Chemist: 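Got a structure for you, questions after.
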Amino acid sequence: MLDKKALDVLVLHVAPLTSVADYLVLGSAESDRQTRAIADHIDGLLSGRGERPLSIEGMASGQWVLLDFGDVVAHIFRQDTRAHYALERLWRDAKSVPIPAEVSRPGVAAAKRRTPVRKPKARKQA
């Protein structure tokens, strides 16, 4: 989610509270298009690893896309839709799972690994 610039990403451990899933991943987007792009990205990454979703809902509207991977359910909302449904309040008894710093800022980690490209110096003409 973070590499597609999802906002306010939150991982909740809900296993002690429900049998539906072990974890809920919540993220926001600024537009319907970004919501769908984040969902496509998650689906592509996990499908590439052999983890196919059991269900994907909401791609047509893009306001709220749900990807159900069984033990993990991802919700990608447009910001106003997330505020309206407020799943964080519904699951307020769930423990939040910290997201490692290097995962939460992928652009910074990638920028540090880049090797600068130097232009060759112009030769002096004699």
Side-chain angles (χ1 to χ4, degrees):
M1 268 192 208
L2 294 168
D3 34 354
K4 289 296 178 185
K5 300 185 183 178
L7 306 169
D8 303 319
V9 177
L10 179 64
V11 179
L12 299 174
H13 183 233
V14 296
L17 306 173
T18 184
S19 61
V20 174
D22 291 343
Y23 296 93
L24 296 181
V25 180
L26 310 175
S28 299
E30 295 178 328
S31 67
D32 296 348
R33 177 176 275 180
Q34 185 184 15
T35 302
R36 288 190 294 267
I38 292 167
D40 281 338
H41 182 67
I42 293 169
D43 182 29
L45 282 175
L46 293 177
S47 292
R49 296 179 184 171
E51 299 290 332
R52 301 283 310 156
L54 302 174
S55 177
I56 298 176
E57 304 293 332
M59 287 293 274
S61 75
Q63 293 183 22
W64 177 359
V65 179
L66 180 143
L67 297 110
D68 182 352
F69 287 92
D71 293 338
V72 178
V73 177
H75 298 268
I76 304 102
F77 299 91
R78 215 174 53 196
Q79 289 176 317
D80 58 330
T81 305
R82 182 173 178 176
H84 176 77
Y85 287 101
L87 290 186
E88 293 91 334
R89 278 185 286 175
L90 178 66
W91 294 103
R92 69 179 166 263
D93 294 335
K95 297 226 187 281
S96 180
V97 177
I99 300 171
E102 64 271 8
V103 173
S104 64
R105 297 186 58 200
V108 172
K112 289 180 182 177
R113 288 185 292 230
R114 289 189 187 137
T115 305
V117 177
R118 297 188 180 162
K119 294 181 181 177
K121 292 182 180 181
R123 294 185 182 185
K124 293 182 181 180
Q125 303 258 335

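Below, each value reflects all heavy atoms present in this structure, side chains not excepted, and no hydrogens, waters or symmetry copies. As the structure is a prediction and not an experimental result, all values here were calculated from the model.
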Chemist: For Glu30, enumerate each residue passing the salt bridge (charged side-chain N to carboxylate O under 4.0 Å, His left out) test, keeping only those at least two apart in sequence or located in another chain.
Modeler: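 Expected list: none.
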
Chemist: List for me each residue that meets side chain to side chain donor-acceptor pair (under 3.5 Å) alongside Asp80, sequence neighbours excluded, and say none if there are none.
Modeler: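 Expected list: Arg78.
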
Chemist: Of Leu10, Val73, Val11, Leu66, which is the lone residue that meets side-chain contact (heavy atoms from CB on, under 4.5 Å) with Leu24?
Modeler: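 The residue from Leu10, Val73, Val11, Leu66 that satisfies side-chain contact (heavy atoms from CB on, under 4.5 Å) with Leu24 turns out to be Val73.
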
Chemist: State which residues pass side-chain contact (heavy atoms from CB on, under 4.5 Å) with Leu87; sequence neighbours excluded, sorted by chain then number.
Modeler: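 Once residues adjacent in sequence are excluded, the partners of Leu87 under the side-chain contact (heavy atoms from CB on, under 4.5 Å) criterion are Leu26, Trp64, His75, Phe77, Leu90, Trp91.
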
Chemist: side-chain contact (heavy atoms from CB on, under 4.5 Å) between Leu67 and Ile76: does it pass, once the steps are laid out?
Modeler: CA-CA 8 Å; Leu67 297 110; Ile76 304 102; 3.2 Å; yes

Chemist: Quick one: side chain to side chain donor-acceptor pair (under 3.5 Å) partners of Gln79, sequence neighbours excluded?
Modeler: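 Result, side chain to side chain donor-acceptor pair (under 3.5 Å) vs Gln79: none returned.
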
Chemist: Identify whether Tyr85 and Val9 are in the same connected component of the hydrophobic contact network (ILVMFWY, side-chain heavy atoms under 4.5 Å).
Modeler: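 In one cluster: no.
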
Chemist: Are Ile56 and Ile42 connected in a single hydrophobic cluster, I mean Ile/Leu/Val/Met/Phe/Trp/Tyr linked by side-chain heavy atoms less than 4.5 Å apart?
Modeler: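 Yes; Ile56 is reachable from Ile42 via cluster members.
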
Chemist: Going by the rule side-chain contact (heavy atoms from CB on, under 4.5 Å), which residues pair with Ala29 if we only count those two or more places apart in sequence or in a different chain?
Modeler: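 Only Gln34, Thr35, Ile38 meet the side-chain contact (heavy atoms from CB on, under 4.5 Å) criterion with Ala29.
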
Chemist: List for me each residue that meets side-chain contact (heavy atoms from CB on, under 4.5 Å) alongside Arg89, sequence neighbours excluded, and say none if there are none.
Modeler: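 Partners of Arg89 by the side-chain contact (heavy atoms from CB on, under 4.5 Å) criterion, ordered by chain and then number, come out as Ala86.
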
Chemist: For Leu54, what are the other residues in its hydrophobic cluster, where any two members join if their side-chain heavy atoms are less than 4.5 angstrom apart?
Modeler: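 None; Leu54 is a cluster of one.
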
Chemist: Any pair with a residue in residues 38-63 that passes salt bridge (Lys or Arg N to Asp or Glu O under 4.0 Å), sequence neighbours left out, goes on the list, sorted by first then second residue, please.
Modeler: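 Every pair satisfying salt bridge (Lys or Arg N to Asp or Glu O under 4.0 Å) with a residue in residues 38-63: there are none.
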
Chemist: Indicate, with yes or no, if Phe69 and Val97 share a hydrophobic cluster defined by side-chain heavy-atom contacts under 4.5 Å among Ile, Leu, Val, Met, Phe, Trp and Tyr.
Modeler: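 Yes; Phe69 is reachable from Val97 via cluster members.
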
Chemist: Between Ala21 and Val14, which heavy-atom pair has the shortest distance, and what is it?
Modeler: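 Where Ala21 meets Val14 most closely, the heavy atoms are O-CG2, 3.4 Å.
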
Chemist: Taking only residues two or more places apart in sequence or in another chain, which ones pass side-chain contact (heavy atoms from CB on, under 4.5 Å) with His84?
Modeler: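 Once residues adjacent in sequence are excluded, His84 has no partner under the side-chain contact (heavy atoms from CB on, under 4.5 Å) criterion.
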
Chemist: Holding to salt bridge (charged side-chain N to carboxylate O under 4.0 Å, His left out), I want the full list of residues that pass it with Arg36, two or more places apart in sequence or in another chain.
Modeler: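 Checked Arg36 against salt bridge (charged side-chain N to carboxylate O under 4.0 Å, His left out); zero matches.
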
Chemist: Considering residues at least two apart in sequence or located in another chain, which fulfil the side chain to side chain donor-acceptor pair (under 3.5 Å) criterion with Thr81?
Modeler: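 Expected list: none.
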
Chemist: Side-chain heavy atoms under 4.5 angstrom apart, residues restricted to Ile, Leu, Val, Met, Phe, Trp, Tyr: same cluster for Val20 and Val72?
Modeler: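 They do not share one cluster, since no chain of ILVMFWY contacts under 4.5 Å joins Val20 to Val72.
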
Chemist: Applying side chain to side chain donor-acceptor pair (under 3.5 Å), which residue pairs with at least one partner in residues 7-22 are found, sequence neighbours left out?
Modeler: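 Counting only pairs at least two positions apart or across chains, no side chain to side chain donor-acceptor pair (under 3.5 Å) contact touches residues 7-22.
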
